[in-house]
*Asks:* 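First, the structure itself, so that you have it in front of you.
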2 protein chains.
Amino acid sequence: MMADKITPARVSLEDVARLSGVSTATVSRVLNGSAIVRESRKTAVEKACKELGYVINRAARTLASRKSMTIGAVVPTLAIETFSRPIDAFQKIIHQQGYTLLLANSDFDMDTELNEVNKLLEYGVDALMLVGHTHHPQLWKRLQQHPIPCIQTFSIDPQRPAVGYDSILASQQLLQHLLALKHRHFAVIFGSPPSNDRLSERLEGIRQGLQHAGLSLAAENCIENAFTMNDARQAMFRLLDGPQPPTAVICGNDLLAFGAMRAAKERYLRIPNDISITGFNDYEFAEHLEHPLTTMRVDLAGIGRLAASYLLATLNGHPAESLSCVTPQLIIRGSTGSAPQ
Amino acid sequence: MMADKITPARVSLEDVARLSGVSTATVSRVLNGSAIVRESRKTAVEKACKELGYVINRAARTLASRKSMTIGAVVPTLAIETFSRPIDAFQKIIHQQGYTLLLANSDFDMDTELNEVNKLLEYGVDALMLVGHTHHPQLWKRLQQHPIPCIQTFSIDPQRPAVGYDSILASQQLLQHLLALKHRHFAVIFGSPPSNDRLSERLEGIRQGLQHAGLSLAAENCIENAFTMNDARQAMFRLLDGPQPPTAVICGNDLLAFGAMRAAKERYLRIPNDISITGFNDYEFAEHLEHPLTTMRVDLAGIGRLAASYLLATLNGHPAESLSCVTPQLIIRGSTGSAPQ
DNA sequence: TTGAAAGCGCTAACAT
DNA sequence: ATGTTAGCGCTTTCAA
C-alpha cells in the first residue's frame, strides 16, 4: 500500500548543522563529545538532532575516522552452550563500551574461519575474537596487514594473546581420576573434526596419560563424530557392542556424557558400578542428572568476559595481560566410581 | 618489537586499478561481478588484487551504494537455547547470501531493544530481526524513517511480518492435557519480566483456560522470576511449602521444568504420581530425563531459518509470506500423569 | 571556540 | 566495454 512511497532522503549531519545554524564540524564535535563546544550551541545542535530524528551514518564515520566501533568474533557455532555463553558475555561487555558485535561462524572449519575473518576485516572491525589457537596459515599474515588486536579463546598460546586453559592438562586430570579408580578400559566420545585443537589436545592428553600408565586407547573406542546428545547415545551403543567394551567413557562435553549415560541406562548398566562416565564444562544441568556428572568445570562466561576485557584494554591503549588462564576444575560426582572387578 | 612500525597505508581500490592498468570503475565492476568486463582485464584485476592483498573497504562501499550487506538482530539473550539456536540458524542462512550478522541483546528490556535497534540503524543494516511483537512505542516510527524489512519472531502479529506461533494456544494445549488428567491445583514457574510478550500470553492463556474450567491460579503459585534451572528449583520448594501446593506445575521452558523436577525429587515426591510437571520447547535432553518431559515442541532453528528466508526474499524483491506459523506440538511423556486423589 | 574544505574509498551515472 | 567524475556523510586538519 505504502510500498511505492519514495524513500525520504535520510537526514544528514549537514541538515542538523543547517537547522542549528552551525557548521558540520561543530555538529560533529557535539556528537563526539569534544568538550570545546560552547554550551549554547551544543544545546542547539542536540535540539536539532532530536527534531530531525537524526541518526548518524556509521559507514561515513568509519570511512572518515578509520574506526568502526565494531568488534568481530568468529566461533565454530552458537548452537552449543560452549560458545553461546562466552559470546553472550563477550557481547555484553563490549556493548558497555559502545562497541557492536559482528558475528560469524566457522563451523569448525579453518578455511571458513579465514573467509569470515577476511569479511570482518572488510567491515573494518577494530578488534577480533577467535576460538582456539590453530588457524589457517594465512590468517596471521592477514592480521598483520590489518593490525588490530586479536584475542584467542579456549586455548593458551605462548605466541599470541589468549584466554583459556591447558586442554592437555584438563583431560589428564580427568583421566587420573579415572585411573585412580582402577579403570583400565577406556573409550572417548568426542564431537569435533580434527581442526578443533582443544579436542585434539584433550585426546592427546588422554593418549599420553594412558601410555604413561602402560595402557592405550583402542581405535574402535575413539569416537570423534558425535555432536548431539543422540549421536553420543548411538556411539555408546556401538562402544558397548564393540570388541573392547570400556568401563570408563570420557566425553567431549556434558551433553554428550548425558547421551552416553542414557545409552548405558537403556542397556541396564549401573552407573557408576558397571560403567563410569565423565563430561566437560559443567553445564548447569550436570549436577542434577540422575547420576550427577563428574566433569571439568569451565568458566564459560568468564572466557568471554576476559576476552572482551583484553580487547577493550588494548583498544584503549592500556597494557593487558596477553595470557589469561581460566583453570578448569575437576568436579567429582556420582557418574564415576571404581572399576568393576 | 614491531609495535612501533608505522601502519602501512591500506591498499585501496585505486591501487588495484593502477597496478592492473584500468580505471577504478572497472575494478569495481570486477569486484561486484558485473558481467560486462572483458575477460583479460578481469583477470588482470584479480591478479592485482591478489598481489596487493587487497581487502575491500565496506564502509566506503556502504556509503556509496547505500547498502551494507549486513542484517541486524536483537534478541533478549544468547545464554539460553531458545535464542541461541534460532540465531545460529538465522546467521547461517544469511551468510550463504553474503550477509553478515550484527548482533545485539535486549536483556528482555524494551528500552534497551530500542537503543540497540537505533544503533543497528546507524550501522545501516539492510534488514532487521526482532523477538516478540511488543516493542517500544517509538520503534516502528524509527523503522518508518529507515524503511528496511523487519521480521518479528516467536510471535504472530496480524499487523506486521512475523514468524512464530500463538503462545496463548500453545499454553492452552498444555493446560488441556493437564486438565484432562483431572488436575485442579496449578502453579506456574516462568522466567521473564512482564515485557516478554510470549510469556505474558502464555500466562494469559493459562488464566483463561483455568477460568473456563472454573478454576484459577493463586497469586502465590505464579512465579515469574525464575531464569536458571536453580531458580526454578528454589521456586519449586517455595511452591511445595506454600499454602496451595500444586499437583501440576507448568514451566516456562524445559530447563526450568528440569529444575522443578529436581526439587520435587529432593522432596521425595513421585513424578508423575504425586506431581506433574511440563516444560516448553522440547530441548534435546527433554526426552532423556529420568522422567521424560511432557512439553511443547518448538522448531527453534526453523524460526531462525524462516525469519532469514523472509528477510532475504524481501531484500531480493521477491514476495514473501508475511506470516509464517511454526506450530508447536504437544509431546506427552512421563512427567505428567493423573492428578493424585 | 568555530568554520572551511579536503579527503576517507568506494559506486553509479554519464559519456564515450 | 570502459573511463571520468561527482558524490555518499562524516571527521579532521588548518586557519581564523
Side-chain angles (χ1 to χ4, degrees), chain A residues 7-45 48-49 52-70 119 121-126 145-146, chain B residues 7-46 48-49 52-70 98 119 121-126 145-146:
Chain A
T7 302
R10 191 161 147 170
V11 6
S12 74
L13 184 146
E14 206 176 333
D15 301 322
V16 176
R18 205 173 304 123
L19 180 61
S20 50
V22 301
S23 70
T24 58
T26 296
V27 177
S28 173
R29 286 179 189 118
V30 172
L31 259 33
N32 291 291
S34 317
I36 54 156
V37 176
R38 198 185 305 163
E39 195 58 38
S40 65
R41 310 214 168 181
K42 192 174 153 190
T43 328
V45 168
C49 283
L52 297 172
Y54 173 65
V55 172
I56 197 179
N57 182 326
R58 297 249 184 187
R61 172 183 279 187
T62 298
L63 184 56
S65 70
R66 297 150 158 293
K67 30 197 271 66
S68 68
M69 293 302 286
T70 61
K119 210 203 263 185
L121 255 19
E122 296 177 355
Y123 281 105
V125 293
D126 296 332
Q145 292 169 38
H146 299 257
Chain B
T7 301
R10 191 162 149 167
V11 4
S12 73
L13 183 147
E14 207 177 333
D15 301 323
V16 176
R18 204 173 303 124
L19 180 60
S20 50
V22 301
S23 71
T24 59
T26 296
V27 177
S28 174
R29 286 181 189 114
V30 172
L31 259 34
N32 291 292
S34 316
I36 52 160
V37 176
R38 196 186 307 162
E39 196 59 36
S40 65
R41 313 217 165 180
K42 192 174 153 191
T43 327
V45 168
E46 278 159 354
C49 283
L52 296 172
Y54 173 65
V55 171
I56 197 180
N57 182 328
R58 297 250 184 185
R61 172 183 278 185
T62 298
L63 185 57
S65 71
R66 298 153 156 290
K67 32 197 271 56
S68 67
M69 293 302 285
T70 61
K119 211 202 261 183
L121 254 18
E122 296 177 355
Y123 280 105
V125 292
D126 297 332
Q145 292 169 38
H146 299 256

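Chain A is the first sequence line, chain B the second, and so forth, proteins listed ahead of strands; every chain is numbered from 1.
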*Asks:* Using OP1 and OP2 only, check whether a side-chain N or O of B:Arg18 sits under 4.0 Å from D:dG3.
*Replies:* no
*Asks:* If you look at every heavy atom in A:Tyr54 and A:Val11, which pair is closest and at what distance?
*Replies:*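 The pair with the smallest heavy-atom distance is CD1-O, 3.5 Å.
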*Asks:* Quick one: closest heavy-atom pair of A:Thr70 and A:Val125, and the distance?
*Replies:* OG1-CA, 3.4 Å
*Asks:* In whole angstrom, what separates B:Arg29's CZ from C:dA13's C1'?
*Replies:*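 The distance from CZ of B:Arg29 to C1' of C:dA13 comes to 10 Å, rounded to the nearest Å.
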*Asks:* Could you tell me whether the phosphate oxygens of D:dC10, OP1 or OP2, come under 4.0 Å of any side-chain nitrogen or oxygen in A:Tyr54?
*Replies:* yes
*Asks:* Is any side-chain nitrogen or oxygen of A:Ser28 closer than 4.0 Å to OP1 or OP2 of D:dC10?
*Replies:* no
*Asks:* Side-chain contact, heavy-atom cut-off 4.5 Å: A:Leu31 with A:Arg61?
*Replies:* yes
*Asks:* Rounding to an integer number of Å, can you tell me how far A:Leu63 CG sits from D:dC8 P?
*Replies:*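 Whole-Å distance recorded here is 13 Å.
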*Asks:* With heavy atoms under 4.0 Å as the rule, sort A:Val27 into base, sugar-phosphate or nothing.
*Replies:* nothing
*Asks:* B:Lys67 NZ to C:dT11 P: how many Å, rounded?
*Replies:* 11 Å
*Asks:* Where is the tightest heavy-atom contact between A:Ala60 and B:Leu63, given as atom of each residue plus distance?
*Replies:* CB-CD1, 3.7 Å
*Asks:* Of the options C:dA13, C:dG3, D:dG9, whose atoms approach the side-chain atoms of A:Ser12 most closely?
*Replies:*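 Of all the options, the side chain of A:Ser12 is nearest to D:dG9.
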*Asks:* Given C:dT11, is OP1 or OP2 found less than 4.0 Å from the side-chain N or O atoms of B:Asn32?
*Replies:* yes
*Asks:* With a 4.0 Å limit, can you tell me whether A:Ser23 has a side-chain N or O closer than that to the phosphate oxygens OP1/OP2 of C:dT2?
*Replies:* no
*Asks:* Nearest whole angstrom, please: distance from the C1' of C:dT11 to the CG of B:Leu13.
*Replies:*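 Whole-Å distance recorded here is 9 Å.
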*Asks:* Do the side-chain N or O atoms of A:Thr26 get closer than 4.0 angstrom to the phosphate oxygens (OP1, OP2) of C:dT2?
*Replies:*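 No, A:Thr26 has no side-chain N/O under 4.0 Å of OP1/OP2 on C:dT2.
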*Asks:* Hey, which sits more toward the 5' end of DNA chain D by its nearest nucleotide, B:Val22 or B:Ala64?
*Replies:* B:Val22
*Asks:* Establish, with yes or no, whether the OP1 or OP2 oxygen of C:dA12 is under 4.0 angstrom from a side-chain nitrogen or oxygen of B:Arg61.
*Replies:* no
*Asks:* Between A:Tyr123 and B:Arg58, what is the shortest heavy-atom contact and its length?
*Replies:* OH-NH1, 3.4 Å
*Asks:* So, OP1 or OP2 of D:dG9: does either fall under 4.0 Å of a side-chain N or O from B:Arg66?
*Replies:*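 Yes, such a contact exists.
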*Asks:* What's the CD1-P distance between B:Ile56 and C:dC8, to the nearest Å?
*Replies:* 17 Å
*Asks:* Please state whether the phosphate of D:dG9, meaning OP1 or OP2, lies under 4.0 angstrom from any side-chain nitrogen or oxygen of A:Arg10.
*Replies:* no
*Asks:* Output the single nucleotide from C:dT2, C:dT11, C:dG9 whose closest atom is nearest the side chain of B:Ser65.
*Replies:*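 So the side chain of B:Ser65 is nearest to C:dT11.
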*Asks:* Tell me the interatomic distance from B:Glu14, atom CD, to C:dC8, atom C1', rounded to whole angstroms.
*Replies:*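 Whole-Å distance recorded here is 12 Å.
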*Asks:* Nearest whole angstrom, please: distance from the P of C:dC10 to the OH of A:Tyr123.
*Replies:* 14 Å
*Asks:* Identify the heavy atoms of A:Ala48 and A:Ser20 that sit nearest to each other, and give their distance.
*Replies:* CB-CB, 3.9 Å
*Asks:* Once you round it to whole Å, what is the distance between P of C:dA12 and CG of B:Leu31?
*Replies:* 12 Å
*Asks:* With hydrogens left out and only the distance checked, is there a donor-acceptor pair under 3.5 Å joining B:Arg58's side chain and the base of C:dG9?
*Replies:*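 No, no donor-acceptor pair under 3.5 Å.
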*Asks:* Between D:dG3, C:dT1, C:dC10, spot the one nearest the side chain of B:Asn57, thanks.
*Replies:*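 Nearest nucleotide to the side chain: C:dC10.
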